[in-house]
Amino acid sequence: MKREIIEEACGTIGRLGAVKEQGGIVFRVTLDEAEDAYLVLYKKGTDEITGEFPLKDKRVMGKLYGIKLRNLDARRYEYNYRIGKKIVQDPYAVIVRGRDKFGKAVSNEDGHQIRCGFAFHTYNWKDDAPLGIPYEDAVMYCLHVRGFTMQPGSKVRHRGTFCGVAEKAGYLKELGINQVLLMPAYEFSETMECHPEKLNFWGYVKGSYFAPKASYAAGHSPVDEMKDMVYELHQQGIEVLMDFYFTQDMDFRTAADCLIYWTREYHIDGFHIVGNDGLAKMLAKDPLLAGIKLLGEHFPQEEARRDKKTPFIRNLGEYNTGFMEDMRGLLKGDEGQLEAFTYRLRRNPEAFGVINYIAGHDGFTMMDLVSYSEKHNEENGEQNHDGPDRNISWNCGEEGPTRKKKILELRNRQIRNAFLMLLLAGGTPLIQAGDEFGNSQKGNNNPYCLDNEVSWTDWRAAKKNEALTGFVRNVIAFRKRHKILHMPRELKLIDTLFCGYPEISYHSNRAWYVEFESYNREIGILYCGEYAGEEEFIYVAYNLHWKENEFALPNLPDGMGWYVAIDSACGVYQEGEEPVYTGDRILTVPARTVKVLIGRGKENVKKDNRTFCNDNKTQNTGDERVFSHRALPSGASS
């Protein structure tokens with residue numbers, strides 16, 4: 001027999017929202033004025049009001065109001081708040097109903113079509129635990145939950161959903177990904193009042209921050225399906241991070257409660273704060289978030305370490321466009337880029353991580369970066385006025401699609417160059433979904449409003465470009481195998497081990513000598529693996545000039561030789577059995593090509609037998625050796 005719902009005041013301070021507590025369900029909400037405020041109950045799945053409960057006499061403290069309802073069967077009801085004549089949703093609602101179909105406009109004039117739900121059941125997380133992958137060991141992958149698998153070529157059972165992403169977990173693991181960054185997956189309205197003919201496909205708007213997006217669920221339980229997705233990704237060794245767009249008027253308490261909730265309830269590993277960088281800096285100081293990855297536009301180094309009394313946790317990550325712009329400049333062949341390039345390649349502060357990317361969701365894809373010199377956003381309906389005009393891109397000789405073999409070969413080489421620049425840099429590399437197989441948006445650098453083939457990840461391209469995917473997979477594996485390429489700090493240009501080599505050094509057609517004149521577009525970079533406990537050396541010859549260049553390889557210790565590992569000209573990834581550069585040590589690199597060499601010897605080569613290079617130019621500085629270079633980079637702005 002159905003029992004009567006009993007209301008009573010709740011005088012205790014606790015978590016905001018609808019919370020199951022002893023004796024009933026407690027609804028806590030902050031109100032500026034509660035004189036005409038009511039809790040509204042609906043029959044589940046309808047806008048039929050079954051009861052209203054006044055809040056004016058339910059003040060707990062300050063602007064906090066609370067009401068407890070006994071005998072309320074959460075499986076049968078939904079709720080909202082009425083303030084005066086306006087119906088509003090609970091900002092702490094963990095489920096929002098009424099937007100279950102993506103892109104379907106909801107007539108919500110009376111406010112009752114969108115309602116809040118309950119999620120009190122316990123999810124079985126089994127053995128799930130935080131993976132704790134440090135920034136230096138991470139390879140991040142940004143995706144849109146719907147767009148990632150919506151295209152039929154994705155070959156998943158539940159396209160465009162949390163389940164679809166979970167189905168791709170094995171693919172991501174095989175590629176070498178161990179961190180996924182989700183574009184907004186909290187509940188938001190994709191229909192825009194100011195432009196009813198458009199959709200906000202990306203979701204960088206204010207939303208119901210505590211609720212997973214219902215239309216990203218294949219069934220009727222977005223809460224369980226999102227948790228299933230997180231669990232499956234964790235099982236594959238992949239962390240899950242989320243984008244949150246917070247407006248300038250977002251208060252700190254709600255934002256902090258939001259991130260803590262997602263960490264506790266969904267086992268989310270980190271968050272990228274978008275739209276309010278000041279709030280990101282405030283959240284970085286919250287002790288409850290000290291162990292959670294938090295990405296923002298910029299964190300001052302002196303503030304990132306917090307107080308020196310507590311153990312330091314490197315949880316903050318800088319996510320800005322500086323790396324992208326500087327790398328694109330050299331890739332394109334612009335002059336005056338070498339100094340900024342080496343700064344970005346080496347930059348890796350101990351106080352916080354650095355998220356590096358060359359292509360992101362709000363700009364050209366990697367393929368479009370080498371296929372278009374101008375944006376082509378006509379389909380957005382804004383006469384091509386939206387999106388950035390400056391893309392630092394080059395079409396390799398012809399705008400858009402082409403059948404010319406030489407142009408296609410050059411584009412593929414440039415993409416491989418870009419991936420080498422990204423994956424061999426310090427910090428955390430971020431790959432945009434589909435870039436590993438040449439996904440294109442047809443030159444659109446701002447498809448925020450398109451829910452179609454333009455913005456969906458093109459899995460048909462994956463079949464056509466399997467060689468590119470294999471190349472990216474191998475370079476990721478190469479990065480992971482060589483610790484010197486992903487250290488937890490910035491590499492130094494000095495020899496602190498007295499081994500004859502600095503951690504990192506720069507070279508040209510003369511070993512140990514490089515110039516950063518504006519007309520230069522080539523540089524050799526030597527990594528000494530001994531600083532990471534490794535026997536091998538790595539030499540990367542970047543030639544982004546339109547003519548071939550020669551590089552003088554530094555001498556190696558006795559018994560070692562140089563082996564080709566990676567060649568972007570043909571996509572080769574193979575360490576040969578015999579050294580290819582021993583005597584003359586001159587490496588010829590074709591135009592717009594990156595070559596990676598491994599310096600190694602036989603297993604019985606001992607460190608004590610090393611002989612230092614004749615062309616090492618050293619100067620004593622007390623307890624360290626410094627290798628002199630001409631015009632060493634002084635740094636660049638963020």
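Numbers here are sequence positions counted from 1. Fair warning: this is a prediction, and the values are worked out from it, not measured in the lab.
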Original post:
Would L41 and I5 satisfy side chain to side chain contact (heavy atoms under 4.5 Å, CB included), going step by step from the backbone distance to the final call?
Top reply: CA-CA 11 Å; L41 284 185; I5 297 174; 4.0 Å; yes
**OP:** Show your reasoning for whether side-chain hydrogen bond (donor to acceptor under 3.5 Å, both in side chains) applies to R28 and T12.
**Re:** CA-CA 10 Å; R28 295 187 181 90; T12 60; 3.0 Å; yes
Original post:
Between D90 and F210, does a side chain to side chain contact (heavy atoms under 4.5 Å, CB included) hold up when you go through it step by step?
Top reply: CA-CA 10 Å; D90 182 357; F210 292 78; over 6 Å; no
**OP:** Report the C-alpha separation of L39 and Y81 in whole Å, then their side-chain angles, then the decisive distance to 0.1 Å, and conclude whether the side chain to side chain contact (heavy atoms under 4.5 Å, CB included) test is met.
**Re:** CA-CA 5 Å; L39 170 67; Y81 290 103; 3.8 Å; yes
Subject >> side-chain hydrogen bond (donor to acceptor under 3.5 Å, both in side chains) evaluation trace for N71 with E4 >> reply: CA-CA 7 Å; N71 303 329; E4 181 183 0; over 6 Å; no
Original post:
Step by step, would you call H112 with N80 a side-chain hydrogen bond (donor to acceptor under 3.5 Å, both in side chains)?
Top reply: CA-CA 8 Å; H112 300 298; N80 274 328; 5.1 Å; no
Original post:
Can I355 and F323 be said to form a side chain to side chain contact (heavy atoms under 4.5 Å, CB included), step by step?
Top reply: CA-CA 9 Å; I355 312 303; F323 182 94; over 6 Å; no
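Proximity of a side-chain donor or acceptor of Q236 to a complementary backbone N or O of I238 within less than 3.5 Å is not detected. In this structure, T365 contributes its side chain and N439 its backbone to a donor-acceptor pair below 3.5 Å. Using modelled atom types, one side-chain atom of N320 and one backbone atom of G322 make a donor-acceptor pair closer than 3.5 Å. Judged by distance alone, with hydrogens and angles left aside, the side-chain atoms of H486 form a donor-acceptor pair with the main-chain N or O of K480 at under 3.5 Å. Checked by atom type and distance alone, the side chain of D269 pairs as donor or acceptor with a backbone atom of V240 at under 3.5 Å. No side-chain donor-acceptor contact under 3.5 Å links E174 to the backbone of L172. K68 places a side-chain N or O within 3.5 Å of a backbone atom of Q22 that can act as its donor or acceptor partner. Checked by atom type and distance alone, the side chain of N446 never pairs as donor or acceptor with a backbone atom of N377 at under 3.5 Å. The main-chain N or O of L259 is found under 3.5 Å from a side-chain atom of T263 such that the two form a donor-acceptor pair. Within the 3.5 Å criterion, the main-chain N or O of Y65 finds no donor-acceptor partner in the side chain of R59.
For R253, the CZ atom counts as loosely surrounded, since its 6.0 Å shell holds 12 or fewer non-hydrogen atoms of other residues, nucleotides or ligands. More than 12 heavy atoms of other residues, nucleotides or ligands shown are found within 6.0 angstrom of NE2 on H121. By the 6.0 Å contact criterion, CZ on R157 is open, its count of non-hydrogen atoms from other residues, nucleotides or ligands being 12 or less.
A salt bridge between R146 and E190 is absent, with no side-chain N of the basic residue lying under 4.0 Å from a carboxylate O of the acidic one. A salt bridge is absent between K126 and D128; no separation between the charged side-chain nitrogens and carboxylate oxygens falls under 4.0 Å. Using a 4.0 Å cut-off between charged nitrogen and carboxylate oxygen, K63 and D32 count as a salt-bridge pair.
A distance of 9.0 Å separates SG in C449 from CH2 in W202, rounded to the nearest 0.5 Å. Q248 CD to L279 CG: the interatomic distance, rounded to the nearest 0.5 Å, is 8.5 Å. To the nearest 0.5 angstrom, L182 atom CG is 5.5 Å from L143 atom CG. Taking CZ of F118 as the start and CD1 of I95 as the end, the distance is 9.5 Å to the nearest 0.5 Å. A distance of 9.5 Å separates CZ of R115 from CD of Q89, quoted to the nearest 0.5 Å. Rounded to the nearest 0.5 angstrom, M324 CE and L430 CG are separated by 11.5 Å.
Shown here for V354 and P349, the closest heavy-atom pair between the two residues is CG2-CD, 3.4 Å. Between V94 and G117, the closest heavy-atom pair is CG2-O, 4.2 Å. Looking at every heavy atom in both residues, F120 comes nearest to K20 through CE2-N, 3.7 Å. In this structure, D386 and N445 approach most closely via the heavy-atom pair O-OD1, 4.3 Å. Closest approach of V223 and A119 over heavy atoms only: CG2-CB, 4.2 Å. Minimum interatomic distance between Y216 and H144 (heavy atoms only, all atoms of both residues): OH-CE1, 3.2 Å.
Sorted by first and then second residue, the ring pair (Phe, Tyr, Trp, His ring centres under 6.0 Å) pairs involving residues 170-190 (not counting sequence neighbours) are Y171-W459, Y186-Y209, Y186-F244.
Looking at P152 and R159, their side chains come closer than 4.5 Å, going by heavy atoms from C-beta outward. S189 is not listed as a side-chain neighbour of V205, based on a closest heavy-atom distance of 4.5 Å or more. Taking the side chain as every heavy atom from C-beta outward, I431 and I476 approach each other to under 4.5 Å. Between V96 and I114, some side-chain heavy-atom pair lies under the 4.5 Å cut-off. In this structure, the side chains of E232 and D228 stay at 4.5 Å or more apart for every pair of heavy atoms. Side-chain contact between R99 and S215 is absent, with no heavy-atom pair separated by less than 4.5 Å. Under the 4.5 Å side-chain criterion, counting only non-hydrogen atoms from C-beta, K227 is in contact with W125. Residues L175 and Y141 have side chains in contact (heavy-atom distance under 4.5 Å, counting atoms from C-beta outward).
Ring centroid separation for the pair H361 and Y204 comes in under the 6.0 Å cut-off. Note: Y357 and Y319 meet the aromatic proximity criterion, with ring centroids under 6.0 Å apart.
Counting only N and O atoms by type, the side chains of D137 and N178 include no donor and acceptor under 3.5 Å apart.
Under the 30°/60° scheme for interplanar angles, the aromatic rings of Y79 and F27 are found to stand perpendicular.
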